[in-house]
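Residues: numbered from 1 along the sequence shown. As the structure lists them, so they are numbered: ligands from 1, and atoms in each ligand from 1.
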Amino acid sequence: MDFNFTEEQTAIRDTARDFAENEIAPTSVERDKNAEFPYDIIKKLGESGFMGMMVSPDWGGPGFDTISYVLAMEEISKVDASVGVIMSVNNSLVCFGIEKWGTDEQKEKFLKPLASGQKLGCFCLSEPEAGSDATHQRTEAVKDGDYYILNGIKNWITNGTTADVYFLHAQTDKSKGYKGISTFLIEKGTPGIELGVKEDKLGIRSSDTCSIGLNNVKVHKNQILGDEGLGFRIAMETLNGGRIGIASQALGIAQASLEAAVKYSKQRKAFDAPIASLQAIQFKLSDMATLVDSARYLTLNAAWKKDQKQPYHKEAAMAKLYASKAAVQNALEAIQIHGGYGYVREYLVERYLRDAKITEIYEGTTEIQKVVISREILKD
Ligand code: CAA
């Protein structure tokens, strides 16, 4: 067992940290306040290889491992979790899925520009009546010669209004249930795509979320990813990797909350001494640091298993379950340590709590992670 990072992994983490501090931090407060999408930042992240980190050089990516991806995601999300989720969806949901199941033609057309940051992708699975219950897709794709005609609504789509490529799931054969779901790669601007209004969210406000309507959208059969009927498996397997990304995002928020709490408790004086000298504060900081380390090891373990080509869906679910809880808990404690100052926008900790909450909801709620974990430990 080796807990050391390689030189390459350390360099990637340091580059991500520098980028986050120098390029992301200066505008994060304003972007959160005004719910502004970080176009320039995403462009630069793409140019530096962070938007398709695990994509092979054959398809325009740097070919890094999942551990490096976790390290970079933590650093970026520590400074701005909105940028973290934009990056995570493109990397672990869209690029991963196309690289694993795409034809060479699809990789040339879609993956290369997504991996090099020239284009941005979104992952469309949830619907108004199919969230946790993702097998019940209502969006239909009806075959018409060499084409499919798609109708339906997709909900809660991260990168929805900005994406150039939709990695979208629809029912191609209702009679087969989830075995009749297929994944389509659809380009922005395809007639019949109707973007909903940008959601006004509690947190990760600088990322963009909307619904996407499909009104007789006509796509060619060569836009199906993998085979017809493989869509639910593709969705589940991409989400396994996505959950490592969201666990890393949550880890970044948990770490940021800890660092803010440590800094403040050393500065703030009460009872004639810094509050860090009080055991009530010391115990909180100890609990926060333990949560961070536990979340980090679970997340790195899931990433390591993925890199070793071992099954990792249970580990990814555990990492997301635990890291998202750590993010919420640490953000709450950081606010408590800041007292009244934690409740206003003067300090960043109120944003950490707003940003943390979604990590318990998207890419499978806390309850869904428990379904995945318990099914695995109860199986024969
Ligand atoms: N990995 C691989 N396969 C999985 C899997 C996983 N984690 N979870 C389920 N499957 C497979 C099952 O093995 C089964 O396949 P077989 O029949 O071939 O064995 C198939 O999927 C159906 O599974 P179940 O029979 O268990 O179906 P279910 O309805 O009882 O449970 C579920 C399915 C686990 C609840 C699934 O619907 C689920 O994960 N729901 C959550 C969906 C989700 O995470 N949505 C996130 C939206 S995307 C998002 O948030 C992105 C963003 O923008 C940030």
Side-chain angles (χ1 to χ4, degrees), residues 73 77 81-97 100-101 120-137 139 154-163 165-169 171 176-181 183 196 198-199 201 203-204 207-212 226-227 229-250 302 305-306 310-321 324 355 357-380:
M73 270 295 298
S77 305
S82 291
V83 177
V85 72
I86 299 166
M87 179 177 151
S88 180
V89 166
N90 198 70
N91 271 279
S92 41
L93 296 183
V94 184
C95 286
F96 172 83
K100 177 148 187 195
W101 286 280
L120 185 67
C122 65
F123 181 85
C124 311
L125 178 68
S126 300
E127 299 185 352
E129 290 176 86
S132 292
D133 191 8
T135 48
H136 286 75
Q137 296 285 299
T139 298
K154 293 291 168 184
N155 239 18
W156 314 125
I157 308 305
T158 304
N159 301 343
T161 70
T162 39
V165 178
Y166 312 110
F167 189 105
L168 188 141
H169 302 86
Q171 196 78 43
K176 291 187 180 158
Y178 67 83
K179 293 198 167 149
I181 294 171
T183 308
K198 196 167 154 176
E199 303 289 350
K201 302 185 300 252
I204 54 159
S207 80
D208 126 61
T209 311
C210 71
S211 62
I212 297 184
D227 292 326
L230 199 68
F232 196 70
R233 205 179 116 205
I234 293 178
M236 290 297 106
E237 286 195 28
T238 47
L239 278 168
N240 290 335
R243 288 166 187 166
I244 298 177
I246 300 306
S248 322
Q249 183 202 25
K305 289 211 163 191
K306 178 167 175 281
Q310 293 180 20
Y312 63 94
H313 62 283
K314 180 188 75 186
E315 288 73 14
M318 284 178 165
K320 183 186 180 283
L321 170 70
S324 58
D355 288 350
K357 185 59 203 169
I358 191 64
T359 65
E360 293 188 316
I361 299 173
Y362 56 24
E363 300 207 22
T365 60
T366 288
E367 293 72 17
I368 288 295
Q369 306 313 321
K370 292 183 183 178
V371 168
V372 174
I373 297 163
S374 59
R375 281 186 184 170
E376 195 56 33
I377 58 180
L378 287 170
K379 84 177 187 198
D380 297 335

**OP:** Applying ring pair (Phe, Tyr, Trp, His ring centres under 6.0 Å), name anything that partners Phe123, two or more places apart in sequence or on another chain.
**Re:** Phe167, His169

Write out each pair where an N or O from ligand 1 and one from the protein are under 3.5 Å apart, with the distance.
{"from": "ligand 1", "atom 1": "1 (N)", "to": "Asn240", "atom 2": "ND2", "distance (Å)": "2.9"}
{"from": "ligand 1", "atom 1": "7 (N)", "to": "Asn240", "atom 2": "OD1", "distance (Å)": "2.9"}
{"from": "ligand 1", "atom 1": "17 (O)", "to": "Tyr178", "atom 2": "OH", "distance (Å)": "2.2"}
{"from": "ligand 1", "atom 1": "26 (O)", "to": "Arg375", "atom 2": "NH1", "distance (Å)": "2.2"}
{"from": "ligand 1", "atom 1": "30 (O)", "to": "Arg375", "atom 2": "NH1", "distance (Å)": "3.2"}
{"from": "ligand 1", "atom 1": "30 (O)", "to": "Arg375", "atom 2": "NH2", "distance (Å)": "2.9"}
{"from": "ligand 1", "atom 1": "31 (O)", "to": "Arg375", "atom 2": "NH1", "distance (Å)": "3.3"}
{"from": "ligand 1", "atom 1": "37 (O)", "to": "Ser132", "atom 2": "O", "distance (Å)": "3.2"}
{"from": "ligand 1", "atom 1": "39 (O)", "to": "Arg243", "atom 2": "NH2", "distance (Å)": "3.4"}
{"from": "ligand 1", "atom 1": "40 (N)", "to": "Ser132", "atom 2": "O", "distance (Å)": "2.8"}
{"from": "ligand 1", "atom 1": "44 (O)", "to": "Arg243", "atom 2": "NH2", "distance (Å)": "2.9"}
{"from": "ligand 1", "atom 1": "44 (O)", "to": "Gly364", "atom 2": "N", "distance (Å)": "3.0"}
{"from": "ligand 1", "atom 1": "50 (O)", "to": "Glu363", "atom 2": "N", "distance (Å)": "2.9"}
{"from": "ligand 1", "atom 1": "53 (O)", "to": "Thr158", "atom 2": "OG1", "distance (Å)": "2.7"}

Subject >> Results of side chain to side chain donor-acceptor pair (under 3.5 Å) for Lys306 - residues two or more places apart only >> reply: Thr66

**OP:** Give a yes or no on this: more than 12 heavy atoms of other residues, nucleotides or ligands lie within 6.0 Å of atom CH2 of Trp156.
**Re:** no

Subject >> Residue list, ring pair (Phe, Tyr, Trp, His ring centres under 6.0 Å) with Phe232, at least two apart or on another chain >> reply: Tyr178

Original post:
Can any side-chain N or O of Gln171 pair as donor or acceptor with the backbone N or O of Gly177 at less than 3.5 Å?
Top reply: yes

Original post:
More than 12 heavy atoms of other residues, nucleotides or ligands under 6.0 Å from NZ of Lys370: is that the case?
Top reply: no

